[in-house]
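Data block below; observations after.
In what follows, every chain begins at residue 1, and chains take the letters A, B, ... in the order their sequences are listed. As the structure is a prediction and not an experimental result, all values here were calculated from the model.
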Amino acid sequence: MSVVENLQQAATASLTTIFGQAFTEKDFQVNQTKPEFEGDYTVVLFSLVKSLKLSPDAIGTKLGDHLIRNNPSLFTAYNIIKGFLNLTVSDSYWMELLSKYHNDECFGKKKMNGQKLMVEYSSPNTNKPIHLGHLRNNFLGWSVAEIFKASGYDVIKTCIVNDRGIHICKSMIAWQLFANGATPETTGIKGDHFVGNYYVKFNDEYKRQVETLKAEGLTQEEAEKEAPIMKATQQMLLDWEAGKTDVMALWKKMNNWVYAGFDITYKKIGSDFDKTYYESNTYLLGKKIVAEGLQKNVFVQEADNSVWIDLTTDGLDKKIVQRRDGTSVYMTQDIGLAEQKYDEYKIDRSIYVIGDEQNYHMKVLKLIAEKLQLPNAENIYHLSYGMVELPNGKMKSREGNVVDADEIVDEMERVAKEKTEELGKVKDFTAEELVALYHNIGLGALKFFLLRVDPKKKMIFNPEESIDFHGFTGPFIQFNHARIKSILRKAPGSTLQGFGTPGGFLPLEKELMVALEQYPTIIQQACDEMNPSAIAIYVYHIAKTFSSFYTEHSIAGAETEEKKQLRLQLASMTANIIKSGMNLLGIAVPERM
RNA sequence: GGUCCGGUAGCUCAGUUGGAUAGAGCAUCAGCCUUCUAAGCUGAGGGUCAUUGGUUCGAAUCCAAUCCGGAUCACCA
C-alpha cells in the first residue's frame, strides 16, 4: 500500500474517531507537499470546515496529533500552514522500503487477476507502407498491452490485417496498368513501398481521368462515377468476392510482397502479435451475421438490395453494412471480427487502438454489436488516439506527403550513431554491440517522442526539427540508467543491513525517495487511463531528479559508509524503475552508452 | 448545419481530477568537466491559462455564452 493510500485510510479513521461522525476518503484531498514547505504529504483541510464547523487550523491540529500518535511508524511530524496539514513521513519507513525493494526488478507489478483482455493494434492496410501515424498506433498498442500485463491482466495482442477491399484493388489495377510486370525483386524496392507506389499512381490517374471527363461536360460527381479506372476497380472487387482465379492470384502475389516488407518493419520497431486476423477471412462471417441481423430485423434491406441499420433513434444516422452489389464494407468485417474474437478467446474486454478519425465508426460498431446482442458487446472499448500531423496538416498516403516509418527509424539510428561516435565512450564495443546500441537509442528516442504525449491529443511532428536527444527524451533517460549502472559496477554489493538511519535525508535524497515510492501508483494510473504518457512523464521525472542528485552529491564518495550504502540503494532502485518503466514503453535501456 | 475534440511561455507539451507563488523540454543568455559517464548540472529572461460572465473559502481545471482550429456525419478503409 502506498503512503498516500495509508494516509487516506489513517486520516479517514482518525477523523471518524475524533469527531464521532463518518468520513470517507472523498471528504478531503491528499497532495504531495510543495517543496517550499516542510513535509512530504499534505491533507487539504478546507473541505472539512463546513461539516465540522471548526476552523481549518483547529481541525488540522486535532488530526495531526491523532495521526502521529496512532501511526508512529509512518508519520513523525506535522505543521499547519493556511489550511494545509503537512505531514512528514518517518525516515524508518523510507529505509524499510529501500532495503526491501532496491534490488527488486518487479517492484510495482501486480499478480495475475484472472481477467483476460485483447488489445487490437497496428492493423495495417496492405496497399501502402507504414508511416509515422501508424507508428504512434503500434507503440501505443504495444505499450498499453504491457501496462495491462504489469497490472495483472492476461493480455492477447492482436492485429487485423485489412488485406482486401476496394483500396487493395486500387493498387492492383494500377499495377496492371503501369507496372509492365515489374516486381520488388526486379526494381529492388521493399515490397510494401513498391505496392504503395501503385496506390499513389492509381490516385494520380483517377484524378486525371476525372478532370478529363469534367472537361467533356460531366459534373464532378458524374465524372467520379464514370472514370474508367474506378469502374475497373469496382469490377475487380466483385471478381475478388466471386473468387475469380486470376484476380485472386494477383491479390495473393501483391499481398505477399507487402507482408515481406511489413515483416522487416515490424521486427525493427518491435511490434508483435499473439494472433493475427485477416479481413479476407473475417468478412464472410460478417456477411453471415448481416444475414442473421436481417432476420432479426436489426437491419433493413432497401429496394436496391443494399443493407442498412437505422440508428436515428440513438442520435446517429443510417449506416450501410452491405453494398447493393452484395460486397461487404469496412463495418461488415468488423462485426464478424468482434464475434470471432470472443468465440476464440472468451475475453472480458476488447480494446481497439484506432485513431480518433474513426470515433464515429467505433461508436456505430459498438451500437450494432449491442443491438445484435453479440456476446460482451458492452466491453468493446475504443482506445482513441489523436493523429500525428505535419506542420502543414494531415499526412495522406495517397498524396504521398507522409513521414515513412522505415525512413525515420533509419534516420534516428543514424543520428544515434553520429552522437555516440562524437562522444566516444564506447570505443571498445564490438560491431554487433554498436548496431544494437544505435538501434536502442534511435528507436528509444522515437518511441519516447510519440508516447510522452497524451494519446487522446493530436500531436505535431516537424520533420525539419527532427527528434531531440537532449532534455525530455528517451536518450536522456537511457543515459541516466547507463550512468547508474556504471556506478554500481564500480561500487557493488550495497546493503543497509546492520545500519541505522543515517541521520536523516538530504532534500534531493528525499525527493528521489518519494518519487520512487510512487511507481506502483503510476502503473495503476497508466492502466486505468490506458495512457503510457503517464509512465513516460514519471520515468523522466525520476531520471531528472536522479541527475540533479548525482551532480550535487557523490555516491561512491559519500561522507559516511551509511550514506554510501543508502545512496547506492537509491541509485539501484532508480535504475530498476527506469528500466522497468521504459520497458513498459517498449524501450530498452543500455548498460553503457 | 448536427455531433465530438482541442485552445496553457516564441515552439512542442505537463498540470496529481477544485488547492499553496501555473511547470518541463527545445530555442535565447550567463556560469560549471584534473572527482562516480557533461546525451549532464545550476541560474536568468519569457504567461491576460482564447474571451466574457457565473458557481465558492479557493478556478487553467466545473457551468454558460462567444471567438478560433481540427475530426466526423461516404455504397472509402
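Of the P atoms belonging to rA64(B) and rC4(B), the separation is 11 Å, rounded to the nearest Å. Here, rC67(B) and rA30(B) have their C1' atoms 42 Å apart, quoted to the whole Å. Nucleotides rG2(B) and rA9(B) place their P atoms 30 Å apart, quoted to the nearest Å. Between rA24(B) and rG46(B), the two P atoms lie 15 Å apart (nearest whole Å). Comparing the P positions of rG31(B) and rG69(B) gives an interatomic distance of 45 Å, to the nearest angstrom. Only the P atoms considered, rG6(B) is 30 Å distant from rA27(B), to the nearest whole Å. Comparing the same atom, C1', in rG18(B) and in rC57(B) gives a spacing of 12 Å after rounding to whole Å. When the P atom is used for both rG19(B) and rU28(B), the distance is 36 Å, rounded to whole Å.
At a cut-off of 3.5 angstrom, counting only N and O atoms as typed in the model, there is no donor on one side facing an acceptor on the other between the side-chain of D468(A) and the base of rA39(B). Side-chain N/O atoms of T473(A) and base N/O atoms of rA39(B) include no donor-acceptor pair closer than 3.5 Å.
Ring geometry for F202(A) against Y206(A) counts as parallel: the plane angle stays under 30°, on a 0 to 90° scale with 60° as the upper cut. Taking the six-membered ring for Trp and thresholds of 30 and 60 degrees, Y283(A) and W240(A) have ring planes inclined between 30 and 60 degrees apart.
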Produce the list of close N/O pairs, under 3.5 Å, pairing protein atoms with atoms of nucleotides 68-70 of chain B; give distances to one decimal.
none

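R164(A) and S328(A) are linked by a side-chain donor-acceptor pair at a separation below 3.5 angstrom, with hydrogens and angles left out of the test.
Contact annotation: R452(A) does not reach the phosphate of rA24(B) (side-chain N/O to OP1 or OP2, under 4.0 Å).
Within residues 309-323 of chain A, the residues approached by RNA chain B to less than 4.0 Å at the level of any non-hydrogen atom are D317(A), I320(A), R323(A), in residue-number order.
For K456(A) and D454(A), the salt-bridge test passes: some basic side-chain N is under 4.0 Å from an acidic carboxylate O.
Secondary structure note: stems in RNA chain B built from 3 or more consecutive Watson-Crick or G-U wobble pairs under 3.5 Å occupy B:1-7 with B:67-73, B:10-13 with B:23-26, B:28-32 with B:40-44, B:50-54 with B:62-66.
Judged by distance alone, the side chain of E509(A) and the main-chain N or O of L506(A) form a donor-acceptor pair under 3.5 Å.
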